[in-house]
Amino acid sequence: MGARVETDTDILVVGAGPTGLMLANQLARRGVRVRIIDRHAGPSLQTRALGVQARTLEIYSHLGIVDRALELGKRATGGNIWVQGRRAARIPLGDIGRDLSPYPFLLILGQDDNERLLGDGLRNRGIAVQWNTELVGLAQDTRHVTATLKHKDGTIDEVAAAWVAGCDGARSAVRELSGIAFEGAPYEHVFFVADTQVTGPMVPDELNVYLWREGFHLFFPMRGTDHWRLVGILPPNLRARDDLTFEEVIPGVRQEAGAQLSFKACTWYSTYHIHHRCAARFRDRRCFLLGDAAHIHSPVGAQGMNTGLQDAYNLAWKLALVVSERAGPALLDSYADERLPVARRLLSTTDRAFSLVVSDSWLAGLVRTRALVRIMALAMRLERVQKLAFRTISQIGIRYRNSPLSKTLGSLPQAAPRAGDRFPWLRLKLLPNGSTEDLFGKLDDTRFNLIMIGQAAPPGGVPELGDQLRIHEVPSDPANDRELARVHIPRPSFYLLRPDGHVGLAGTHLEAAAATRYVSERLHVGRKDAGTTGAR
Ligand SMILES: Cc1cc2nc3c(=O)[nH]c(=O)nc-3n(C[C@H](O)[C@H](O)[C@H](O)COP(=O)(O)OP(=O)(O)OC[C@H]3O[C@@H](n4cnc5c(N)ncnc54)[C@H](O)[C@@H]3O)c2cc1C
């Protein structure tokens with residue numbers, strides 16, 4: 001890095017969808033100068049994504065918006081699979097993640113509500129989205145980015161930012177102006193989505209999935225009486241129609257999901273094509289891609305919005321450390337190292353799941369509608385399968401074990417949490433003779449957290465982290481020992497957690513020199529001029 005350049009803002013966030021709002025919130029609460037723009041006139045009123053995963057709720061809890069989200073949303077307690085008009089299986093979803101997260105369920109809460117909560121949070125931090133402001137140009141040198149912005153009245157101005165975050169959706173201007181390819185293809189199927197008031201055989205307050213030979217219809221329970229979000233794919237004979245109305249879709253839905261369906265109102269209806277694509281790189285020097293700007297995939301598994309929110313949570317603490325010159329810019333390389341593999345894996349799993357669900361082939365149809373349903377229902381009765389499914393879908397199972405930021409020292413047992421994992425949710429007595437507390441509630445996600453088990457923290461903590469560190473010593477206690485044993489954490493051990501709750505450094509005995517080496521070599525703390533490739 002050369003001499004510091006005066007910029008108008010530290011970070012310019014382009015796009016005020018869920019990803020941009022999450023990033024701006026996380027930066028603002030870490031004291032970073034942030035500006036957020038969007039080309040639209042105001043917040044989107046469309047529901048779009050509906051499922052909020054446990055990992056997102058954990059982040060919402062640190063942001064102070066989880067109670068409101070839980071109040072507004074509906075917990076999905078079960079999923080019912082219907083085949084040829086008959087309920088073939090019920091998959092219990094309520095609390096399948098018991099002991100794994102404080103939020104052991106999927107919350108049904110529309111994207112518009114999520115955006116409103118995130119927007120309110122941002123306003124409370126004194127930052128307003130600049131609507132009607134479109135990014136139309138980018139130029140960068142080694143020290144800053146000049147962004148050209150176009151306003152609604154046609155005027156143009158330029159903003160100098162140290163870093164730009166492209167949270168500008170599938171048609172990302174940041175991605176296109178940076179010349180980053182968006183590799184992938186569209187699916188041939190045409191989806192439709194409708195917010196309806198409807199009565200029928202659906203099990204109230206639960207997900208209802210109607211499978212048919214050529215596709216599916218999903219009914220999501222929404223807030224309000226008889227209010228359901230209906231998502232499906234159009235039968236082949238209707239795919240080519242641009243002017244299709246919801247009334248014309250209804251007979252097909254009734255044929256597959258039941259003649260008793262009675263539609264009373266439809267407040268939103270849209271058809272759309274879905275693509276599966278991933279950006280070739282998540283970064284061009286000082287410009288990053290996050291959310292739909294970086295990856296888009298089928299909605300199977302309700303992962304899209306949640307993955308974008310998680311991208312933002314991963315990048316925010318790193319940008320905050322670099323902007324405040326506590327860490328060198330090489331720390332930022334780890335954003336793509338960690339999030340690109342997550343996106344690629346997600347694309348391949350949602351692709352496989354989607355292909356199975358919508359395959360036109362007779363054999364796949366038979367497998368899907370009969371054998372698969374029975375196998376799924378039986379398997380989901382097993383606790384191990386329930387937990388695996390929850391870990392995967394809720395995104396608490398995402399880990400960065402191969403990241404340059406992950407270092408496991410010494411001989412931790414194989415089953416113990418390792419560097420790169422999200423540290424497990426525990427209820428511990430953190431004071432001798434104290435009451436049991438939710439550890440996640442005690443962690444400060446704007447700082448690093450050092451958890452010491454069966455040993456005292458080194459005198460002076462980890463001096464290089466200074467006030468960026470909180471220390472939690474876990475006293476010896478039978479209840480604590482049982483809780484630690486449940487997740488295979490041995491005594492003694494230590495875990496240095498990054499602000500986003502993932503383990504950075506872990507081992508049995510913490511030695512001050514090892515911590516110092518980790519902080520300097522891996523986190524680049526105190527290394528303002530450490531280089532960065534800027535190309536991932
Ligand atoms: C019909 C539909 C249904 C969906 N259902 C689900 C679902 O059930 N589950 C799920 O997880 N996901 C679903 N998704 C996907 C989900 O909506 C996205 O993953 C999510 O919106 C991504 O958020 P984002 O903030 O990254 O991008 P976006 O929400 O697309 O936000 C990008 C923002 O950037 C702004 N912008 C764009 N270009 C510029 C520019 N040049 N300058 C300034 N601003 C700009 C846009 O105005 C927009 O506000 C669905 C999507 C659609 C279309």
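Read the numbers this way: they start at 1 and go in the same order the structure lists the ligands and their atoms.
Look at Cys167 and you'll find a heavy atom under 4.0 Å from some atom of ligand 1. Using a 4.0 Å cutoff on heavy atoms, Thr133 counts as a contact of ligand 1. Within the structure, ligand 1 has Pro18 among the residues with a heavy atom less than 4.0 angstrom away.
Of all the atoms in ligand 1, the ones that sit under 4.0 Å from a non-hydrogen atom of Glu134 are 40 (C), 41 (N), 42 (N), 43 (C). Short contacts between ligand 1 and Gly15, defined as distances under 4.0 Å to a heavy atom of the residue, involve ligand atoms 33 (C), 34 (O), 35 (C). Close contacts of ligand 1 with Gly169, meaning ligand atoms under 4.0 Å from a residue heavy atom, involve 27 (O), 30 (O), 32 (C). Listed by atom number, the atoms of ligand 1 under 4.0 Å from Leu50 heavy atoms are 7 (C), 8 (O). Near Thr19, meaning under 4.0 Å from any of its heavy atoms, are these atoms of ligand 1: 23 (O), 24 (P), 25 (O), 26 (O). Atoms of ligand 1 found under 4.0 Å from any heavy atom of Gln303 (numbered from 1 in listed order, with element): 11 (O). When each atom of ligand 1 is checked for a heavy atom of Ala173 under 4.0 Å away, the hits are 41 (N). Atoms of ligand 1 lying under 4.0 Å from any heavy atom of Gly304, numbered from 1 in the order shown and given with element: 10 (C), 11 (O), 19 (O).
For atom 44 (N) of ligand 1, the closest heavy atom belonging to the protein is Arg39 N, 3.1 Å. With respect to atom 41 (N) of ligand 1, the closest heavy atom belonging to the protein is Leu135 O, 3.2 Å. For atom 18 (C) of ligand 1, the nearest non-hydrogen atom of the protein is Asp292 OD2, 3.2 Å.
Between the side chains of Glu58 and Ser61, not a single donor N or O lies within less than 3.5 Å of an accepting N or O. Gln395 and Thr56 share no donor-acceptor pair across their side chains, judged by distance under 3.5 Å alone. Under 3.5 Å, the side chains of Ser394 and Gln53 contain no donor-acceptor pair of N or O atoms. Arg281 and Ser178 share no donor-acceptor pair across their side chains, judged by distance under 3.5 Å alone.
Under the 6.0 Å cut-off for aromatic ring centres, Tyr103 and Tyr60 do not qualify, their centroids lying 6.0 Å or more apart. Aromatic rings of Tyr210 and Phe219 (six-membered ring for Trp) have centroids within the 6.0 Å cut-off, being under it.
Proximity of Thr446 to Gln26: side-chain heavy atoms (C-beta onward) are nowhere separated by under 4.5 Å. Looking only at side-chain heavy atoms (C-beta outward), Leu63 and Leu118 come within less than 4.5 Å of each other.
Judged by a 6.0 Å distance limit and a 45° cone about the ring axis, Arg283 is not positioned over the six-membered ring of Tyr335.
Comparing heavy-atom distances from atom 28 (P) of ligand 1 across Glu176, His273, Gln111, Arg48 singles out Arg48 as nearest. Counting only non-hydrogen atoms, the option in Asp168, Ile296, Asn114, Leu218 that gets closest to atom 36 (N) of ligand 1 is Asp168. Distances from atom 13 (C) of ligand 1 to the heavy atoms of Ala293, Ala49, Gly308, Ser172 put Ala49 nearest.
When Asp112, Asp205, Asp195, Asp113 are each tested for a salt bridge (Lys or Arg N to Asp or Glu O under 4.0 Å) with Arg223, only one passes: Asp113. Each of Arg339, Glu338, Arg55 was evaluated against Ile398; a single residue qualifies, Arg339, per the side-chain contact (heavy atoms from CB on, under 4.5 Å) test.
Between Met305 and ligand 1, an N or O atom pair is found at a separation short of 3.5 Å. Where the criterion is an N or O separation shorter than 3.5 Å, residue side chain and backbone included, Asn306 fails it with respect to ligand 1. Among the atoms of Glu115, none of the N or O lies under 3.5 angstrom from an N or O of ligand 1.
Annotation for Lys74: atom NZ counts as buried by contact number, over 12 foreign heavy atoms lying within 6.0 Å.
When non-hydrogen atoms are compared, ligand 1 lies under 4.0 Å from neither the backbone nor the side chain of Phe191.
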